[in-house]
Amino acid sequence: MERYHFKQIEAKWQQKWQEQGFYQVGADPSRPKYYLLEMFPYPSGDLHMGHVRNYSIGDVLARFKRMRGFNVLHPMGWDAFGLPAENAAINRGVHPADWTARNISNMRRQLQQLGLSYDWRREVTTCLPDYYRWTQWLFLQLYHHGLAYKKKAPVNWCPSCATVLANEQVVDGACERCDTPVTKRELEQWFFRITDYADRLLAGLDRLPGWPDKVKVMQENWIGKSPGLEIDFVLEGTDRTITVFTTRPDTVAGVTYLVLAPEHELLAFLGEVPNRSQVEAFQERVARLSSVDRASAELEKEGVPTGLYAVNPVTGEKVPVWVANYVVTEYGTGAVMGVPAHDQRDLEFARKYGLPVKVVIQPPATPLEPEAMTQAYTEPGLMVNSGPFAGLESEKGKEAVADFIAARGQGRRRVNYRLRDWLISRQRYWGAPIPIIYCPDCGEVPVPEADLPVFLPREVVFKPTGDSPLATCAAFMHTTCPQCGRPARRETDTMDTFVCSSWYFLRYTSPGDGREPFTRQETDYWMPVDQYIGGVEHAILHLMYARFFMKVMHDLGLVLDDEPFTNLLTQGMVLKDGGKMSKSKGNIVSPEEIIAAYGADTARLFILFAAPPERDLEWSEAGVEGCYRFLNRVWRLVSSWQGELAEVSAAETVKTKADRELRRQVHATVKKVTEDIELRFNFNTAVSAIMELVNALYQYREEVWSREPNPALVKAAVEKLLLLLAPFTPHITEELWEAMGHRESIHLATWPVADQEALAAEEVTVVVQINGKVRDRLTVPVGLREQALEEEVLRRERVAAYLAGKEIVKMVSVPDRLVNIVCR
RNA sequence: GCGGGUGUGGCGGAACGGCAGACGCGCCAGACUUAGGAUCUGGUGGGCUUCCCCCGUGGGGGUUCAAAUCCCCCCACCCGCACCA
């Protein structure tokens with residue numbers, strides 16, 4: 001038989017699969033469905049190894065589930081809006097639409113080379129009007145329900161990308177995309193009211209046992225729920241108050257000063273601030289700091305007194321009001337109470353500026369001395385110096401003080417969140433236009449649904465200025481008011497691309513639908529996604545936004561479920577020489593070159609074999625060659641036998657001990673591979689079990705076949721081998737399956753089931769330990785009872801030698817496993 | 001600082017509390033060959049007085065007949081969050 005010509009084989013089957021279209025699926029209520037989804041890629045131009053890993057993992061599961069009888073939805077598409085396309089336009093004069101379309105067709109070709117079992121009829125491309133029309137429609141639904149709104153706010157601005165960013169896109173004070181430090185700008189922007197869903201996003205995590213804890217914890221921290229108390233401190237001599245937020249109402253009596261953030265709005269009334277010039281100078285100094293420096297925890301705490309005083313609502317004491325750099329406007333109320341004895345930051349600040357330290361919580365053991373403290377006491381304790389609350393246990397005191405303040409109207413209980421509303425407008429061209437019109441008479445008017453989509457015009461000017469290119473396009477800008485018909489102007493901002501990717505999984509269920517974004521009948525059948533697979537870098541952004549959207553759509557009656565992804569698998573990165581593959585390091589391995597050199601089956605096999613999916617994977621050319629060798633081994637094994645086996649039709653029989661052992665191993669492998677894929681995603685150990693089976697078959701051929709050939713048995717073994725390997729390496733198995741005389745595709749075959757009877761071995765090796773050390777091993781019939789086993793063990797020469805002159809204290813026996821003799 | 005994770009041969013990695021190192025890479029030896037960077041077979045954690053034994057899963061303690069695995073303390077690295085009030 002011929003050598004393993006992977007190139008011809010892969011091309012042949014990819015073409016056949018496409019022609020026959022048997023990865024195409026439709027809703028079928030008579031069969032159990034399985035929706036398998038991998039995060040769709042941004043069409044950057046070329047597939048990278050991370051994609052290959054992501055989609056290889058997904059394809060194994062899709063093919064496996066299909067063979068297990070599920071109706072599998074396995075789609076692919078393109079997250080096609082985004083900045084790189086626009087930068088290409090600015091830098092190289094290519095239109096973003098053309099650049100994107102070219103990249104998509106290239107990457108689609110690369111994906112198809114991998115032999116992935118997608119239903120390509122369902123392909124979704126977010127930058128096409130038939131898709132973004134529905135993104136706009138969904139925006140309008142949110143708008144009509146008060147979940148999309150416009151407000152002027154200090155927002156994150158990336159000077160390099162020339163656009164605003166969501167909080168989630170700012171990392172260490174810099175733009176996550178280009179690392180440029182972000183600046184604050186006061187701008188009118190569109191927001192989605194995700195904070196309304198903070199509690200439900202949090203609670204929903206508990207209903208997602210199929211998600212990694214790591215991701216759930218990250219989302220939990222991001223939402224940052226923090227129940228506490230807001231307290232209004234009256235400013236002495238005015239009718240103004242300063243509202244602070246605290247999680248420690250029990251320490252209010254220990255307040256010795258208040259601190260405002262430099263940007264606090266109260267300071268705008270500078271006329272009332274006695275130390276006006278000092279405060280202004282301080283504000284300017286802080287404002288000059290870059291966002292990166294400001295975000296640093298190392299920043300030295302500094303502040304100035306305002307000369308204002310506030311009254312403690314519990315003690316009636318008069319405390320000074322300061323401005324300091326360690327208080328930020330973004331969190332809470334932008335003002336905090338200073339309790340140096342019980343908060344480390346406050347203590348450091350108080351020591352620096354000589355502010356008093358007042359102990360109001362005493363630890364159970366040694367009493368605190370205010371003058372000597374260098375560490376704030378933050379644990380619970382007994383309340384002291386706290387007027388009516390003295391003597392209370394501080395945990396109870398929290399409630400008592402909160403009740404007291406609330407009852408007197410000096411404050412209120414409040415739950416604070418770290419989560420901010422989602423800023424979705426971008427001053428860029430290559431995104432879905434926000435469907436809003438501004439009319440001089442009617443004001444802000446939503447585009448009527450019948451007028452959707454608001455087309456993105458092709459003819460615009462690309463310049464790296466701060467204005468959206470759409471603002472330079474008169475034909476786009478000028479329109480008429482849908483309400484009064486008079487001249488009006490369109491919103492020129494586009495939507496964050498994360499809006500597009502927050503619902504694409506629903507569109508796959510009803511692609512190309514011109515009347516609805518998705519059909520209820522289809523989503524009811526297919527949703528939720530049973531298994532979602534992607535990189536952990538989306539743990540917060542995409543995965544939280546998509547959950548938010550799903551909940552909103554659920555509330556609007558558009559979908560049944562309110563969580564989109566039942567199970568989540570976060571794959572590790574693909575590394576080279578211990579580091580991330582990157583252009584700057586020059587260590588990129590191109591999937592296309594690997595496929596050209598070894599074939600898609602080898603590339604897939606290596607990437608699945610080299611590490612379990614959650615872990616980072618170290619790329620190794622030698623490892624790839626090993627997998628290539630293995631496939632050649634499979635090829636030679638099967639093709640050398642194929643002539644003798646293809647015509648065999650007799651039922652398998654077991655003639656010899658070797659036969660029985662081979663059959664046992666075949667079924668043990670079936671069991672292991674099935675469990676490794678289904679229960680644990682341990683593709684690496686599944687592959688290794690298949691390798692062992694191949695080794696065993698070689699050995700069988702060497703030692704048994706020439707003497708006592710058993711074609712029926714071997715045929716069954718080889719066919720199971722091919723079936724087990726089919727999800728991993730679809731082309732070679734399809735070719736060999738055909739060679740074995742099958743007319744129908746291996747990928748439409750049924751997954752093998754392990755036979756209990758075949759699994760049962762006759763004999764088993766039992767280990768003998770003496771004082772916990774392995775000293776002997778013996779072969780006994782399976783199921784030998786404890787007593788018989790022990791008798792057998794004690795008859796062993798080696799054991800006797802070890803026991804000579806010793807007394808047996810105890811024997812622990814685990815039938816079919818081991819015997820441990822404890823002696824002295 | 002808080003939260004999460006990882007730590008096992010030369011390397012990637014296996015081990016329901018029960019034989020540490022499956023499988024693969026690399027290396028060594030042999031076979032077949034004109035040849036081998038093909039293929040097949042065998043070996044391969046370290047030590048040693050070499051077929052006997054000792055040591056060995058980041059380090060130290062503990063539980064147990066038995067610990068890579070469970071508990072406590074510590075170290076290193078990675079990821080996320082971070083003046084969060």
Side-chain angles (χ1 to χ4, degrees), chain A residues 3 171-172 212-222 224-226 228-229 244-248 251 258-259 261 294-301 324-328 330-339 342-346 348-349 416-418 536-537 539-540 570 572-573 575 578 605-606 609-612 614-627 629-630 632-633 636 672 682 684-695 698-699 701-702 765-777 809-814 816-823:
Chain A
R3 277 184 47 215
V171 177
D172 293 331
D213 287 339
K214 178 193 171 82
V215 173
K216 288 192 276 189
V217 168
M218 279 167 76
Q219 291 207 358
E220 223 172 277
N221 292 342
W222 190 262
K225 182 175 185 171
S226 164
L229 182 70
V244 303
F245 175 78
T246 181
T247 54
R248 294 292 306 272
T251 64
L258 296 188
V259 199
R294 184 78 202 271
S296 158
E298 258 81 273
L299 190 68
E300 169 87 10
K301 290 179 185 35
N325 59 0
Y326 76 95
V327 178
V328 295
E330 290 82 16
Y331 188 79
T333 60
V336 302
M337 54 188 213
V339 188
H342 306 294
D343 182 288
Q344 190 58 28
R345 291 156 305 179
D346 295 345
E348 285 166 26
F349 191 77
N416 215 357
Y417 295 91
R418 212 187 74 102
V536 73
E537 65 273 17
I540 296 174
T570 51
M573 287 187 299
L575 309 177
L605 189 67
F606 169 73
F609 175 62
E614 288 97 335
R615 266 211 246 178
D616 287 349
L617 180 152
E618 175 72 26
W619 185 265
S620 150
E621 189 85 19
V624 175
E625 274 171 31
C627 289
R629 263 204 294 270
F630 169 73
N632 273 287
R633 231 165 114 72
R636 282 193 307 272
K672 171 141 181 76
N682 281 352
N684 55 332
T685 50
V687 171
S688 78
I690 296 172
M691 287 173 168
E692 284 178 89
L693 180 59
V694 170
N695 292 344
Y698 265 91
Q699 204 175 344
R701 191 176 64 171
E702 190 83 2
T765 299
V766 169
V767 166
V768 183
Q769 294 184 336
I770 291 168
N771 287 336
K773 288 188 173 148
V774 179
R775 297 303 188 190
D776 198 8
R777 57 195 70 206
V809 180
K810 186 176 179 181
M811 278 178 90
V812 180
S813 300
V814 183
D816 296 344
R817 278 225 130 104
L818 97 168
V819 175
N820 190 9
I821 304 172
V822 187
C823 63

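From a predicted model like this one, the values you see are computed outputs, not experimental measurements. Here is the naming used below: chain letters follow the sequence lines, and residue numbers restart at 1 for every chain.
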Interatomic distance where [atom1] belongs to [X] and [atom2] belongs to [N] [whole Å]:
X       : N      : atom1 : atom2 : answer
M811(A) : U64(B) : CE    : P     : 21 Å
F349(A) : A85(B) : CZ    : P     : 18 Å
L818(A) : G18(B) : CG    : C1'   : 5 Å
F609(A) : G13(B) : CZ    : C1'   : 8 Å
Y331(A) : C83(B) : OH    : P     : 11 Å

If you look at every strand shown and take non-hydrogen atoms under 4.0 Å, does [X] touch a base, only sugar-phosphate, or nothing?
X       : answer
N695(A) : sugar-phosphate
V536(A) : nothing
S620(A) : nothing
N416(A) : nothing
G224(A) : nothing
R629(A) : sugar-phosphate
V259(A) : nothing
K773(A) : sugar-phosphate
V767(A) : base
Q769(A) : base

Would you say [N] has OP1 or OP2 under 4.0 Å from some side-chain N or O of [X]?
X       : N      : result
K214(A) : U6(B)  : no
N684(A) : A14(B) : yes
R3(A)   : A38(B) : no
R701(A) : C40(B) : no
K301(A) : C83(B) : no
R775(A) : C19(B) : no

Shortest non-hydrogen contact from N820(A) to G772(A)? OD1-N, 3.1 Å

Closest to the [X] side chain: [options]?
X       : options                : result
N820(A) : A85(B), C65(B), G13(B) : C65(B)
V774(A) : C19(B), A85(B), C23(B) : C19(B)
R418(A) : A85(B), C65(B), A82(B) : A82(B)
V336(A) : C23(B), C40(B), A85(B) : A85(B)
R615(A) : C65(B), G7(B), A15(B)  : G7(B)

Enter syn or anti for the glycosidic conformation of G9(B), syn applying to angles within 90° of 0. syn

Could you please name the partner base of C40(B), counting Watson-Crick and G-U wobble pairs only when both distances are under 3.5 Å?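 Across all strands, the one nucleotide that pairs with C40(B) is G30(B).
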
Does NZ or CZ of R633(A) come closer than 6.0 Å to the centre of the six-membered ring of Y698(A), within 45° of the ring's axis?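 Pair R633(A)/Y698(A) counts as cation-pi.
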
5'-most contact on RNA chain B (nearest-nucleotide basis), Y417(A) vs M218(A), goes to M218(A)

For F245(A) and E702(A), find the nucleotide of RNA chain B closest to each by heavy atoms; which residue's nucleotide sits nearer the 5' end?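 Its nucleotide being nearer the 5' end, the pick is E702(A).
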
